[in-house]
**Q** 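The structure that follows is given in the form of structure tokens.
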Amino acid sequence: MTDPLLRAIHRALFTQRAIAVSLLLLVALAGCNSDSSTTDTVDSGVAAVSAAVPRDYGEPSNDQIRPGVTISSSYGTCTSNFLFYLNADTYYIGTAAHCFSQDTNSGTDPCDSRNAPRGFAEITIENADHPGELVYSSWDAMQQEGEQRGGDVCSYNDFALVRIHHDDLDKVHPSAIHYGGPTALYSGLAAVGDDVYSYGQSPFHAGVSSLQSKQGRITSVVGGGWLYRVSSDNPGLSGDSGSAVLHENGQALAILSDVGVGFGLAPVSNGVVNLEKALAYAKASGFIAQGVQLATWSEFSPR
């Protein structure tokens, strides 16, 4: 072959190689874009996980804001139940709605009661440096929703949320004092005979740990599933109101609401509000965001 012909062939081969290399580069770039898309998806997944566990809690300690700390205001002192959150900057601690009513224990139907307004911000949370703010009271919400006086909802829905000040969020921990958990929100109805666990800081316990921690058993389900009655040899007393009730499997089951009188050899019993129903009502009525979730802790040790 002549030199010009060889040069032409070489140019053609070079051009084909260039085209092939270009195509390979495009495929590689497309692959990178695909990987980037996958990475975005993974990042979204990580973000979703971060949303599910928005803070690094570390190990629980006695100086943290946890289920079982006291919630105090001019309306009285109660015990907290569980921690809830919307995102890493928005945390709530639960208690009972009657802890913010002037008509608690007066025999007034909750749907006729006088209650602290939303935004009430003179609330002391044990271990917090700043006051909390009342963002939800079921007693107030039921009145605004026009619930039937004397009905199951008015009679048994007893749940409140207090927003924790932003500057105290480094102190939050979801682990319930004494028992740990909650491992999840209990779904559905628990059964008569199931064991439950609770912890309350009533002043009548005088700080005696063996009186603050309680183990009981569900004796009945009433109000269309709104309330469980729980019998225990160490019942919750005034000041224990609002405290967490954990199911025997470690899940968040209920909120301690009232004390019933025992007859004969029967122990005093407590009425505890179905948390799943109370939380669903708060969301359905639009008083709290749909995205509010229970903060959980995997370690649970009934003892």
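The structure displayed is predicted, hence computed values, not measured ones.
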**Q** Any donor-acceptor pair under 3.5 Å linking the side chain of Asn249 with the backbone of Gln251?
**A**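 Confirmed, Asn249 side chain pairs with Gln251 backbone.
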
**Q** Keeping Asp168 on the side-chain end and His130 on the backbone end, is there a donor-acceptor pair under 3.5 Å?
**A** yes

**Q** Establish, from distance only, whether the side-chain atoms of Asp158 and His98 form a donor-acceptor pair under 3.5 Å.
**A**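 His98 and Asp158 do have a side-chain donor-acceptor pair below 3.5 Å.
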
**Q** If you count every heavy atom of other residues, nucleotides or ligands that lies below 6.0 Å from Gln148 atom CD, does the total exceed 12?
**A** no

**Q** Taking the inter-plane angle between the rings of Phe100 and Tyr75 on a 0 to 90° scale, is it parallel (under 30°), tilted (30 to 60°) or perpendicular (over 60°)?
**A** perpendicular

**Q** How about Ser269 and Arg229: does a side-chain donor come under 3.5 Å of a side-chain acceptor?
**A** yes

**Q** Could you tell me how the ring of Tyr179 sits relative to the ring of Tyr197: parallel (under 30°), tilted (30 to 60°) or perpendicular (over 60°)?
**A** tilted

**Q** Has the side chain of Ser101 got a donor or acceptor atom that lies under 3.5 Å from a matching backbone atom of Arg114?
**A**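 Looks like yes, one N/O pair under 3.5 Å.
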
**Q** Distance only, no hydrogens: is a donor on one side chain within 3.5 Å (strictly under) of an acceptor on the other, for Ser155 and Asp152?
**A**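 No pair is found: no donor N or O on one side chain lies under 3.5 Å from an acceptor on the other.
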
**Q** For Ile71, does its backbone N or O pair with a side-chain atom of Ser80 as donor and acceptor, under 3.5 Å?
**A** no

**Q** Under 3.5 Å, is there a donor-acceptor pair between the Ser72 and Thr124 side chains?
**A**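 The answer is no; no qualifying pair exists.
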
**Q** For atom CD of Gln102, decide whether the heavy atoms of other residues, nucleotides or ligands shown that lie under 6.0 angstrom number more than 12.
**A** yes

**Q** Just checking Asn62: does its CG atom have more than 12 heavy atoms from other residues, nucleotides or ligands closer to it than 6.0 angstrom?
**A** no

**Q** Could you check whether any side-chain N or O of Thr296 sits under 3.5 Å from a backbone N or O of Ala184, counting only pairs where one atom can act as donor and the other as acceptor?
**A** no

**Q** Should the ring pair Phe287 and Tyr136 be called parallel, tilted or perpendicular, given that the plane angle runs from 0 to 90° and is split at 30 and 60?
**A**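 Phe287 vs Tyr136 ring planes: tilted.
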
**Q** Can you tell me if Asn270 uses its side chain to pair, donor with acceptor, with the backbone of Asp258 under 3.5 Å?
**A** yes

**Q** Residues two or more places apart in sequence or in another chain: which of them pass side-chain hydrogen bond (donor to acceptor under 3.5 Å, both in side chains) with Gln215?
**A**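 Testing Gln215 for side-chain hydrogen bond (donor to acceptor under 3.5 Å, both in side chains), a comparison that skips the adjacent residues, returns none.
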
**Q** Closer than 3.5 angstrom, by distance alone: can the side chain of Asn127 be matched with the main-chain N or O of Ile65 as a donor-acceptor pair?
**A**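 No, the answer is negative, given that no donor and acceptor are paired below the 3.5 Å cut-off.
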
